[in-house]
S.K.: 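Have a look at this one.
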2 protein chains.
Amino acid sequence: MSVTIKDIAKRAGVSITTVSRALNGYPDIHPRTRERVLRIADEMNFRPNAVARSLVMKKSKTIGLIISELTCSSSSHHFIFDIIRGVHDQAVLMGYDVILSATSPYQQQEISYMELCTRRQLDGVLLMGVRTDDRYLQEVLDASVPCVLIDVPLVSKTCGHVMVDNVRGARMAVQHLVDLGHRRIGMINGHRQAYVSFDRLKGYRQALEENGLTFDPDQVFDGDFKEDAGIEGVSRLLDRFPDMTALFCASDMIAVGAIRALHQWGKRVPEDVAVVGYDDIDLVRYTHPPLTTVHQPRYQMGTKAAELLVRLLSGGEGEAVVLEPQLMVRESTIR
Amino acid sequence: MSVTIKDIAKRAGVSITTVSRALNGYPDIHPRTRERVLRIADEMNFRPNAVARSLVMKKSKTIGLIISELTCSSSSHHFIFDIIRGVHDQAVLMGYDVILSATSPYQQQEISYMELCTRRQLDGVLLMGVRTDDRYLQEVLDASVPCVLIDVPLVSKTCGHVMVDNVRGARMAVQHLVDLGHRRIGMINGHRQAYVSFDRLKGYRQALEENGLTFDPDQVFDGDFKEDAGIEGVSRLLDRFPDMTALFCASDMIAVGAIRALHQWGKRVPEDVAVVGYDDIDLVRYTHPPLTTVHQPRYQMGTKAAELLVRLLSGGEGEAVVLEPQLMVRESTIR
DNA sequence: TTGAAAGCGCTAACAC
DNA sequence: GTGTTAGCGCTTTCAA
């Protein structure tokens, strides 16, 4: 058995209330008493029982990090892991523990997020990887559990979000291509159920128009965020526009696939076709050629999300935190 | 307020004891009563409060996944994330939740694992990334909290481990090189504080000796698991052994660095020097050339670890779970 | 088959 | 300043 405040009370010759007060730093207690209690607690190697405290406080000092099924697929590993680290580090810094949850393709059972929340008394949740058509999204919003979304631009009384400025990121990427003299720039986008796809398309279009180029929907191929989309996209776009000299991809994995396909078509990168990716996952520094891409501050997304959630927990209102992307120029656009 | 068994009891006109019995499927209750209680609970959308249950049961149905600082560095992302997924999925399947913990370089505070355990009433912990000289390792073993280590071969009453057969993996790698006709095979190892380094070196040596080649310590460079070690290792080894035609690296990141360095030395891979890595992280399929490496079943390591831990929790004894590595032959050894 | 009562470790009125 | 008391939501003897 581990030591409880009762044990301390007995040893110190005071009531458990006094012990509680000393431990929690309340002011209405004699300094000498507090000191003694604290010393004894330390001597007895006392560890407060968070479970008991949660029960009475109705707060668990725990947040749920819910990773939606989709995000678990190949390409996003890198991405997610950094965010997880950010969330964890910041949460711990602020006195919260993190419970991991995921809607896995392996478990058939459809556990609702809310179920987890009430069962574990989670103070709030962090959602990442949800698609616009995710049925749980509404559920989370309805139940007024404080919640922070990553890459889903929703704001309400109890819900905020963190995202990187995707319009801006896409514009930077495309502007870079335009600056290099490209006029016929294709795009391979992620699936339509991701909010980020929408914004990246918007940024692509804006950049074109800002530079007096016409936006042509046919120059955009809608796929998903995986490698195969890059392969298919290249073949479709090159079929329609043999004169395409540059390609903007909504993810690095798309770009990797695209480069592979371009090589198969006998095109050199960047000499014949320049390619820009999105995300700046680790592996793009090792591809051939190394990929020019839009960096997202992943770790920071995590810390900011945790921060925002805790702010929400202390009564703050939902807000949007938008971080800045950064263009990383490598050899897939310029030698 | 959410609904409690008290609410159900009132509505059903029975005592809370009866409700508890019905909910937990005890036999000593009238079928009709049970049915009614269950129906009412369902109607009221009852969710048992895990916190309250934990308090009285002194079991939290929660396990801690503790990731040691070291592992957070670059190269291991890929690695860890899959393990986390495996642990999570299997844990949930068995009715446990997972709390994330990490000794981060960012937080100065030295929280002990045990502190987390007692505070959160964790039923058991899973440790990954600990080095042989980790001071907490002993702490965990002393406190008899059921514990499963990943890649640290310790077994005790309350502690087991999961690892991939590193001796075998290294032997496969080196045997592959020998089979290709290589006689002068160098090795770049990870740091000495990782158990796996020890075993991989052992496997390297065994393979050499099994093939009548002499083991020469000078042919082994001790670095760490990162890219730079590969760069430095190549220059050291090539200095000493200009006739080296093959290189076995204890991690993929080492191999990536090694290939980079080899190119700088004007060596072609694999024509002049063949390179084998270890881990099979995602990016090695995109390096130039794609890397031959030893695959570790990461997701499975996670599921097996969670399984073992739960077995330990139900009174099982510590045991060693050893998984099989697999050689992935790509173009860095054979064209 | 069911219920009353105690208690898990802690906090928080409220009295003294 | 300090102690008494009640109670968080649940499980579990023990009696009935």
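Letters A, B, ... are given to chains in the order of the sequence lines, protein chains preceding strands, and every chain is numbered from 1.
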S.K.: Just to confirm, is there a sub-4.0 Å distance from OP1 or OP2 of C:dG3 to any side-chain nitrogen or oxygen of B:T18?
M.R.: yes

S.K.: Could you tell me the separation between the NZ atom of A:K10 and the P atom of C:dG9, rounded to a whole number of Å?
M.R.: 12 Å

S.K.: Go through the structure and list residues passing side chain to side chain contact (heavy atoms under 4.5 Å, CB included) with B:K6, not counting sequence neighbours.
M.R.: B:T4, B:I16

S.K.: Write down the distance between NZ (B:K61) and C1' (D:dT11), rounded to a whole number of angstrom.
M.R.: 15 Å

S.K.: So what does B:I29 hit on the nucleic acid, given a heavy-atom distance under 4.0 Å: a base, only sugar-phosphate, or nothing?
M.R.: sugar-phosphate

S.K.: For A:S54 and D:dC8, is the shortest distance between a side-chain N/O and OP1 or OP2 below 4.0 Å?
M.R.: no

S.K.: By the definition side-chain contact (heavy atoms from CB on, under 4.5 Å), identify the one residue from B:Q121, B:R119, B:R120, B:K58 that meets it with A:N49.
M.R.: B:Q121

S.K.: For nucleotides 10-16 of chain C, give me one character per nucleotide, 5' to 3': B if any protein heavy atom sits under 4.0 Å from the base, S if the only such contacts are to the sugar-phosphate, - if neither.
M.R.: BBBB---

S.K.: Would you say B:K58 reaches C:dG9's phosphate, i.e. side-chain N/O to OP1/OP2 under 4.0 Å?
M.R.: yes

S.K.: When we call it a touch if two heavy atoms are under 4.0 Å apart, what does B:V14 touch: a base, just sugar-phosphate, or nothing?
M.R.: sugar-phosphate

S.K.: Drop me the distance from B:R53's CZ to B:N24's CG, to the nearest 0.5 angstrom.
M.R.: 5.0 Å

S.K.: Rounded to the nearest Å, what distance is computed from the CZ atom of residue A:R119 to the C1' atom of nucleotide D:dC10?
M.R.: 15 Å

S.K.: What's the separation between atom CD1 in B:I99 and atom CG in B:L126, rounded to the nearest 0.5 Å?
M.R.: 13.5 Å

S.K.: Go through A:T18 and A:S15 one step at a time and tell me if the side-chain hydrogen bond (donor to acceptor under 3.5 Å, both in side chains) criterion holds.
M.R.: CA-CA 5 Å; A:T18 302; A:S15 75; 3.2 Å; yes

S.K.: Side chain of A:S15: nearest nucleotide among D:dT4, C:dG3, D:dG1?
M.R.: D:dT4

S.K.: Where the side chain of B:D123 meets the backbone of B:K61, is there a donor-acceptor pair that is under 3.5 Å apart?
M.R.: yes

S.K.: Indicate yes or no: does B:E35 engage B:R39 in a salt bridge with an N to O separation below 4.0 Å.
M.R.: no

S.K.: Atom CG of B:D28 to atom P of D:dT11: distance rounded to whole Å?
M.R.: 14 Å

S.K.: Between A:R11 and A:E43, is there a side-chain heavy-atom distance shorter than 4.5 Å?
M.R.: yes

S.K.: In this structure, how many angstroms lie between the C1' atom of C:dT1 and the CZ atom of B:R32, rounded?
M.R.: 12 Å

S.K.: What is the distance from CG of A:L55 to C1' of D:dA6, rounded to the nearest Å?
M.R.: 13 Å

S.K.: What is the bend of the helix from C:dT1-D:dA16 to C:dC16-D:dG1 when you compare the axis at one end with the axis at the other, using five pairs each and rounding to 10°?
M.R.: 40°

S.K.: Does B:I67 form a side chain to side chain contact (heavy atoms under 4.5 Å, CB included) with B:I80? I'd like the steps, not just the answer.
M.R.: CA-CA 9 Å; B:I67 301 170; B:I80 300 183; 4.0 Å; yes

